[in-house]
Protein chains: 2
Amino acid sequence: MKRITINDIAKELNVTPSTVSRALAGNTRVSVKTRELVTQKAKELGYQQNVIAASLRKGKSDTIGMIVPRINRHFFSNVISGVEEILNPAGYTLVIVQSGENLIKEKKAIDMLLANHVGGIILSLSVQTNTYQHIETVINRGIPLVQFDRVNLDIKSSKVLNDNFTGAYLATKHLIKSGYQRIAHLGGARSLKAYDERFKGYSKAIEESGRLIEDALVYENAITREAGYKAINQVMERANPDAVFCAGDYSALGVLDALKEKNLKIPEEFGVVGFANEPFSELIHPTLSTVEQNAFEMGTRVATAMIKNLEGKHYEEEEVIPTRLIVRDSSWKK
Amino acid sequence: MKRITINDIAKELNVTPSTVSRALAGNTRVSVKTRELVTQKAKELGYQQNVIAASLRKGKSDTIGMIVPRINRHFFSNVISGVEEILNPAGYTLVIVQSGENLIKEKKAIDMLLANHVGGIILSLSVQTNTYQHIETVINRGIPLVQFDRVNLDIKSSKVLNDNFTGAYLATKHLIKSGYQRIAHLGGARSLKAYDERFKGYSKAIEESGRLIEDALVYENAITREAGYKAINQVMERANPDAVFCAGDYSALGVLDALKEKNLKIPEEFGVVGFANEPFSELIHPTLSTVEQNAFEMGTRVATAMIKNLEGKHYEEEEVIPTRLIVRDSSWKK
DNA sequence: GGAATTTGTGCAAACGTTTGTATTTTTGTT
DNA sequence: AACAAAAATACAAACGTTTGCACAAATTCC
C-alpha cells in the first residue's frame, strides 16, 4: 500500500538513490546494464515518480496553467484539446481555469497559478480585461507566457492568433459579391486585437468595393445572442442594412431571431455571416455562413510555443493561424 | 526576482522558520503577537506559500483531479463550472483532464493524477470503460474518489447521479400520451448506470401503458449523431416505430437526419425526444424535446461530497439530482 | 516560595527527488 | 605491471515546508 520510491529500488539493487535517479532519467553516466536493471526493477515494483518532490528539487514544475474565458465554447475547448495533444505526451500537465469573462476571476486565476508554481501560463484574455498589471506580474516572475486569440499586443510574450483579418475580409467580400448593398457589422470589444482585426477586415472589404464605412452600420459591443438581437434592431432602425457580418455566431443567432420576428426572408432579403463555426451553426435553420477558426491547430501551436519558452528562453514569435470562410444558407443569394 | 520563503520572514523577525510556518497556519501555539507580526511581514515581503514544498512534506495536496470524457459537452462543462464554484473558494485547485471516451487515456489520466499526488479524484467514466482495475488503484491508495453521472456502482465511493430513470420515464410517457404507438429507444452502453437507468425508465413507461418491450425496438449503443442515424435506420427496417426516445441529443440529431431523408413529418408522423438539453436542441428545426439535467447543481454537489471526503473520512453517500422534461416541437402532436 | 503546569519557541528530521563533487572501479597504454 | 584516463557509482547537500519533541520562560497552584 505504501508508495515505492527510488530508495526502495536502490536498496533492492544495492545501489544508491542517485544512481537510480540517473538511470531512470536515462543519464549515460550510468552503465547500460544498471540502467536496464533499474528500469526493470522499477516496473516490477510499480514505481511512479513523485512529481512533487522532483519539482521541488528542480525548482520548477511541469504543470502548465491555462486560463480561458469559458471552456464550453466550441473554440476554446478545441484549443484545449490541441494543447493537451502536445503537452501531455511531452510530460507536462495542464491545469485549466475559467475566467468567466471576468477581470477579477482572471486575476484570481493568475494568483492561484503562481502560488502553485506552474511552469508556464497560457492565456486568452477575458473581454472585460482592460488593465494588465496582473499579467505583468507573470512576466516579472520570469514565468513563460503564451497568449492566444484574445491577446494584448503590448504585453511581451509569445502570441498565437487567428487570421481574423482575412476571415472577416473574406466574409464581408462574400456578402458584397452576393449582391447585398448595405452591410452592417456587429463586433466585439475592439480593445481585443481579435475583434479589432475582424472590424478591419470588414472595413477593408467595404472600402475596396468603393463604399464608405458608415458609423451607423457598425455596432461595437455585441457578441452574445441577446446583444446581437438588440444591436441589429438598433442598426436596422438607424441605417437600413440588408446584410450583416457578425464577429461571433452567437451574435448572428440573435440577428436571426430579430429577422424572423420581422418576417424577413433569409438570404433573399437579408444576408448573415457569423464567426467561429460553433457546432450549432450548421444545425440551425437557415444554416449559418460563418468563418471557421482552426482551433485544434491553434492549440498545438500554442503548446509548441510554450515548450520552446520552457526550454530555450524568450521565444516571442507571433504566429497566425489561417481561417476559412464557410458559405451556408444564410448568405447565399443566387 | 527571487522568491520569498518562510526562512526570509524568519530571519527578518529573528524567529525560526517553524514559528513562521505555525504562525501562517494560524496555530494557537504561537502567540497572537508573533502571529500578527508574521502575517504582517509576509504581506510586506509579498510572500506566497510554496505549495509544492508543503504538499511534499504533508504527503498530500490541495489539488483535485477531475476526469471527464470530453469538456466540450454542454453537460460536462457545466458540471465543471459547478465544481469550480465550490472548490476554488474552499482553497482547492482543480485539474481537468479529458479521457476522450477512451479507456487507455482514462488510465493514463489516473496515472498522471496519482503521480501528481492529487488530494482527490472526481471521475465520470468513459463509455469504453469495462475494466476497473485502475480505479481500484485510486481507492487502494486511500485517495478520495467521487464518481458522477457515468458511475460504476460496484466501486466504493461517493456518487452523484442524475435522476436518469425519472427523466427517461417522463420522456417516454410523454410520447405515449402524445399518441405514438411504437416507441423505439436508442440507448448507450448499459454497463454505465446512467444509460441503464434511461433504459429502465423507458421500459417502465412502456410497460405501464400495457405494451411489451420489444427487443427489435431497442438499440443499445448509439449515442453519437452517426450512430443514431444508422441505428434508427436499422430499427425502422425491422420494427416499424413511429417515435423514439434517444438517450442523448446527438443521437436524436442523427435520427432527425434520417427522418428528413425519408421525408417523414415531425412530429405528425414521427416523434423524437432526446436527452441532455444540448444548446443546439432549441436551435434546430424542429426544436428538439429533451430531458434537462441540472449539470451545474450536480457540480456543486460533487464538489461538496469531495470536500467531505477530504475532511472527514469515508463519506459514501449516493445523491440524486432531479431531471426535467422539456417538450418542444419534435414530439408535440396536437 | 517552590513545584507543577501552561505557553511560546527552537531544534532537527523528514518528505522524495536531483545534482555537483568525490571516490572507486574498470579500461587502456606503454 | 604500473599508471593514467575514463567510466561507473557513491556521498551529501539542497529544494521549502511541516511537525514531533525538547526546552525555557511565564504562569498557576497549594
Side-chain angles (χ1 to χ4, degrees), chain A residues 1-39 41-42 45-63 91 93 114-119 141-142, chain B residues 1-39 41-42 45-63 91 114-119 141-143:
Chain A
M1 205 97 311
K2 219 182 140 278
R3 199 161 198 127
I4 303 294
T5 72
I6 52 172
N7 302 291
D8 300 327
I9 301 179
K11 260 179 211 155
E12 292 247 342
L13 295 175
N14 274 320
V15 296
T16 56
S18 27
T19 304
V20 175
S21 171
R22 280 191 257 257
L24 290 172
N27 191 320
T28 50
R29 261 175 63 190
V30 6
S31 69
V32 186
K33 211 181 81 194
T34 359
R35 260 187 280 168
E36 275 170 0
L37 238 51
V38 167
T39 35
K41 183 60 86 178
L45 299 181
Y47 168 76
Q48 265 190 324
Q49 193 202 36
N50 185 330
V51 186
I52 307 273
S55 62
L56 173 61
R57 169 61 229 238
K58 290 195 284 193
K60 58 166 194 164
S61 84
D62 290 340
T63 301
T93 305
L114 291 179
N116 276 278
H117 289 236
V118 291
R141 282 271 176 81
Chain B
M1 197 97 303
K2 219 183 143 282
R3 195 149 207 140
I4 305 293
T5 72
I6 53 171
N7 302 291
D8 301 326
I9 301 180
K11 261 178 210 156
E12 291 246 343
L13 294 175
N14 274 320
V15 294
T16 57
S18 24
T19 304
V20 174
S21 171
R22 281 191 260 256
L24 289 172
N27 191 321
T28 50
R29 260 174 67 192
V30 8
S31 69
V32 186
K33 214 181 80 193
T34 3
R35 259 188 279 167
E36 276 170 0
L37 238 51
V38 168
T39 36
K41 183 60 85 180
L45 298 180
Y47 169 77
Q48 265 190 322
Q49 192 203 35
N50 185 331
V51 187
I52 307 272
S55 61
L56 173 60
R57 171 59 231 241
K58 291 195 286 193
K60 59 168 193 158
S61 82
D62 289 341
T63 301
L114 291 179
N116 276 278
H117 287 235
V118 291
R141 282 273 174 78
I143 292 172

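All chains are named by letter (A, B, ...) in the order of the sequence lines, taking the proteins before the strands, and each is independently numbered beginning at 1. All values below come from the heavy atoms of this structure, side chains included, with hydrogens, waters and symmetry mates left out.
The environment of NZ in Lys41(B) is crowded: more than 12 heavy-atom neighbours from other residues, nucleotides or ligands sit within 6.0 Å.
Between the side chain of Arg29(A) and the base of dA8(D), no donor-acceptor pair of N or O atoms lies under 3.5 Å. Contact of Arg57(A) with dG20(C) (side chain to base): no donor-acceptor pair of N or O atoms is detected under 3.5 Å. At a cut-off of 3.5 angstrom, counting only N and O atoms as typed in the model, there is a donor on one side and an acceptor on the other between the side-chain of Ser18(B) and the base of dC11(C).
Look at Gln49(A) and you'll find a side-chain N or O under 4.0 angstrom from OP1 or OP2 of dT18(C). A sub-4.0 Å separation between OP1 or OP2 of dT9(D) and a side-chain N or O of Thr19(A) is absent. Taking side-chain N and O atoms only, Thr16(A) has a distance below 4.0 Å to OP1 or OP2 of dA10(D). A sub-4.0 Å separation between OP1 or OP2 of dT17(D) and a side-chain N or O of Tyr47(B) is present.
Between the CG atom of Leu56(A) and the P atom of dT17(D) there is a distance of 9 Å, rounded to whole Å. Atoms CG (Asn7(B)) and C1' (dT9(C)) sit 16 Å apart, rounded to a whole Å. Note: NZ (Lys60(B)) to P (dG16(C)) measures 16 Å, nearest angstrom. With rounding to whole Å, Asn27(A) atom CG is found 12 Å from dG20(C) atom C1'. As rounded to whole Å, 16 Å separates atom C1' of dT17(C) from atom CD1 of Ile4(A). The nearest whole Å value for the distance from the CG atom in Leu13(B) to the P atom in dG8(C) is 17 Å. Taking atom CD1 of residue Ile52(B) and atom P of nucleotide dT17(C), one finds them 14 Å apart after rounding to whole Å. One atom, NZ of Lys58(A), and another, C1' of dT17(C), lie 9 Å apart when rounded to the nearest Å.
Heavy atoms of Val51(A) sit nowhere under 4.0 angstrom from any nucleic acid atom. Across all strands shown, Ser21(A) has heavy atoms under 4.0 Å from base atoms, whether or not it also approaches the sugar-phosphate. Residue Thr34(A) is in sugar-phosphate contact alone, with no base atom involved, counting any heavy-atom pair closer than 4.0 Å across all strands shown. Contact annotation for Ser61(A): no contact, since no heavy-atom pair falls under 4.0 Å across all strands. Nucleic acid contact for Asn14(B): sugar-phosphate only, since backbone atoms but no base atoms lie under 4.0 Å from a heavy atom of the residue.
In this structure, CG in Leu56(A) is found 9.5 Å from CG in Asn50(A), a value given to the nearest 0.5 Å. Taking CD1 of Ile9(B) as the reference point, atom OG1 of Thr39(B) lies at 9.5 Å (rounded to 0.5 Å).
Considering only side-chain atoms of Asn50(A), the nucleotide from dA10(D), dT17(C), dT9(D) that sits closest is dT17(C).
Heavy-atom minimum distance, Ala10(A) versus Thr16(A): CB-C, 3.7 Å. Among all heavy-atom pairs drawn from Val20(A) and Val38(A), the shortest one is CG1-CG1, 3.9 Å.
The 5' end of DNA chain D is approached more closely, in terms of each residue's nearest nucleotide, by Ser31(A) than by the other of Ser31(A) and Ala54(B). Toward the 5′ end of DNA chain C lies the nearest nucleotide of Pro17(B), the other residue of the pair Ala53(B) and Pro17(B) mapping further downstream.
The side chain to side chain donor-acceptor pair (under 3.5 Å) test with His117(A) singles out one residue from Arg3(B), Gln48(B), Gln49(B), and that residue is Arg3(B).
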